[in-house]
Structures are given as structure tokens and as C-alpha cells.
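Below you'll find the structure, written out as C-alpha cells, and then a few comments.
Bear in mind that the values here come from a model prediction, so they are computed numbers and not experimental data.
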Number of protein chains: 2
Amino acid sequence: MRGGTEIKIAYKMGYVLNFYREPSFRKIEMELGLTRPEIVTLIFLNFREGVTASDICEFSGHLKANISRGIIALEKKKLLRRDTDRADNRRQLLFITPAGRALYARYIPALREREQAMLACLTRTERKEFERLLDKLADHVPHWAALDEL
Amino acid sequence: MRGGTEIKIAYKMGYVLNFYREPSFRKIEMELGLTRPEIVTLIFLNFREGVTASDICEFSGHLKANISRGIIALEKKKLLRRDTDRADNRRQLLFITPAGRALYARYIPALREREQAMLACLTRTERKEFERLLDKLADHVPHWAALDEL
DNA sequence: CCAATAAAGTCACATATGAGACTATCTGGG
DNA sequence: CCCAGATAGTCTCATATGTGACTTTATTGG
């Protein structure tokens, strides 16, 4: 029942990704009481600190209103902290707290394992090639999509 | 600002797909007054009629409650019609109406064009290879994901 | 044949999200 | 220097969605 659309490639990407992402994220939402914007904010901050809400919008594709709410909630839970940028008082620089990292560490292994399961059917070479093509697609995104479309 | 996660491939798929899908779908939602389950239901029915709500759940990855609401709404708008399956009275077989096809025809070209734009950076060979790998991934989904996870 | 279980679809409720207005701050051209 | 945008982030309101319970019908095993 998988086939049947005129937008084959985009559809198949969505099909595979939905099965990867939706159950995983719902589980995190339920068990840890986080929303999706909160989850991706922690993922991003775990990697790179001192970034702004806008950066997280661009990274995650979530709307700024939702990221804003997520950040407010995460601060309330003491999972991140924010400082106003001295060079531009509109901006707030975000930093993950130890509690934030600890929570991140609780849900990321399942996501990693599930990604491995998803990719298990590809050979090592195919996986590399798939990633190379994805990189190419990702680099190309700015050429056809405007950031303010999100 | 794109990098930074331990789940590289899934993340990149999400990144590219978000930029493809979200703006397109939101535009359809706003201009044509359809919800996402309604949009994908019409996409599926345009290809294959006489299917059930469950089939559309599997096809689209949407939850059955949402597909159910979508089908009720589409019927109200006379974009599809449903007949109880004589062989199993629990099931309802779905059929798209001419009005449904007409509406589908109004939004699919933009989706197709945007998919082309997304893929434009790949050579013909790369595109074929990308699709082959996606097919492999899609065929493999049942091995690691349960349908009832959605 | 009947009871227990499963499956298709619907519903009610709580919550997350999208749209767009709003505030505060910054920037660049007269 | 200052005013007209632009930009970062927040808020309000309406709507779409997730969850889980519920109804009806089918299937299976005793």
C-alpha cells in the first residue's frame, strides 16, 4: 500500500522518515514531557552553544513562535539558560545546562539505534553514497527554498 | 547552521524534506482550506480508489483518528464518497469524486515543481541512484517499524 | 454455536501548533 | 542625527493533532 503518487521521491523520503521520526518523538514527548521544539532545541544546543532562537529555527525547520515557546519552557525547567547578547540586545544567547545534557542523554541513544535500524539494509558503500547525495541536496536547499518560508 | 547532531542521516533527510514539504503544505492548507490528512487522502485516492481509511493511514503515516476526521470532512465537501464494504461491514471503501480530482489537480503541480527544484542539483544518474536507495529503505521499513507504532 | 479477541472507524478531551499582530532593538540612507 | 525599514523574540487566538475510550462488526478457538 506504499505506492501511488506523482511526487515519488519526496513521498518516499516522507514515508521512511515518518516511520523513523514520529514514533520516536512521540515516545520522548510522552515519557519526558517535552514538545518537539524542545527536543530539537536540546539536540542543537548539545552540539553548539551560544546560539539564538533564530538559529534553531533554521536548524530545525520549526516556526519561530514554537521555538520561542520551547525555549521559555526549557528555561523554566532549568534545561537551558539564556543571556542577552551584549552586542545586540534583541538577541539571546542560549546555553544548555548539565540537567539539559542529562536529559538529552536519555533520549538520544534510542534515536541513534533507530537510525541504525533504518539504515541496516544498506551496505556500507550505499550508506556513504546515500549520505553524499543527501549532503548535496541539503547544500542546495537555499537555492530553491527561502528561509522565511518556514 | 545546518550541522550538529548525532543522527546525521535522519537529520539531513528531515532538513531537506521540511523545506520541501512544510511551506508547500501550508500553502495548500491556507489557500484550499484542506488539512494535511485531507491533502494526502486526495493524493492517494487520485491514484487508487476503493481503498479504506486504514490503507490511507499506512500510506501517509497519519493517525487513524486524523484520517477519519479528514475523510468525514472530505465527504462533507463532496470531494470523496464512501460505500460500506459488502464483504465486511466495518470497512468503508473510498472513491474520489470529479470535484475531488479537480481540487487535487490544483495543488499537485506546485508539489511536483518543487520536487524538481529540490532534486535539480543531482545528475540524472545520481537521482536514479538516490531513488534506488530510497526504495531499498522503504522496502525495509516493515523490518524495523511496526505499523501500529504510528 | 458462543465467548473472547481483534479490527475499522468515530468521538471527546487536552495540548501543540500556525498565523499574524505586537514590542523592543538595531541598521542604513537622507 | 533621525526616521523608515528590518530583525529578534513574544503573545493571542483559532485550529489541527495526539491520546485513549467507545461502538460496531468480524474472526477464532473451544
[X] has an atom [atom1]; how far is it from atom [atom2] of [N], in whole Å?
X      : N       : atom1 : atom2 : result
N18(A) : dG18(D) : CG    : P     : 10 Å
I67(A) : dT17(C) : CD1   : P     : 9 Å
E31(B) : dA19(C) : CD    : P     : 12 Å
R91(A) : dA6(D)  : CZ    : C1'   : 14 Å
L93(B) : dA8(C)  : CG    : P     : 13 Å
E29(B) : dA14(D) : CD    : P     : 19 Å
E58(B) : dA8(C)  : CD    : C1'   : 14 Å
L63(A) : dG20(C) : CG    : P     : 11 Å

Think [X] has a side-chain N or O under 4.0 angstrom from the OP1 or OP2 of [N]?
X      : N       : answer
S68(B) : dG9(C)  : no
R26(A) : dG18(D) : yes
S54(A) : dG9(D)  : yes
N66(A) : dG18(C) : yes

Original post:
Between the side chains of T35(A) and E38(A), is a donor N or O closer than 3.5 angstrom to an acceptor N or O?
Top reply: yes
Original post:
Between the side chains of E6(B) and Y104(A), does any donor sit under 3.5 Å from an acceptor?
Top reply: yes
Original post:
Between R69(A) and M30(A), who's closer to the 5' end of DNA chain D by nearest nucleotide?
Top reply: R69(A)
Original post:
Considering heavy-atom distances to DNA chain C, does R36(B) or R90(A) have its closest nucleotide positioned more toward the 5' end?
Top reply: R36(B)
Subject >> 5' priority, DNA chain C, between N89(A) and L34(A) [closest heavy atom] >> reply: L34(A)
Original post:
Nearest to the side chain of A53(A) - dT10(C), dG9(C), dG9(D)?
Top reply: dG9(D)
Subject >> Out of dT25(C), dG9(D), dT25(D), whichever nucleotide has its closest atom nearest the side chain of D88(A) >> reply: dT25(C)
Original post:
When you check the gap from the basic side-chain N to the acidic O, do E22(B) and R36(B) get nearer than 4.0 Å?
Top reply: yes
**OP:** Could you tell me whether R127(A) and E131(A) have a side-chain N and a carboxylate O separated by less than 4.0 Å?
**Re:** no
With a non-hydrogen cut-off below 4.0 angstrom, is [X] in contact with a base, only sugar-phosphate, or nothing?
X      : value
I72(A) : sugar-phosphate
T35(A) : sugar-phosphate
Q92(B) : sugar-phosphate

Original post:
Is NZ or CZ of R81(A) both nearer than 6.0 Å to the six-membered ring centre of F95(A) and within 45° of the ring axis?
Top reply: yes
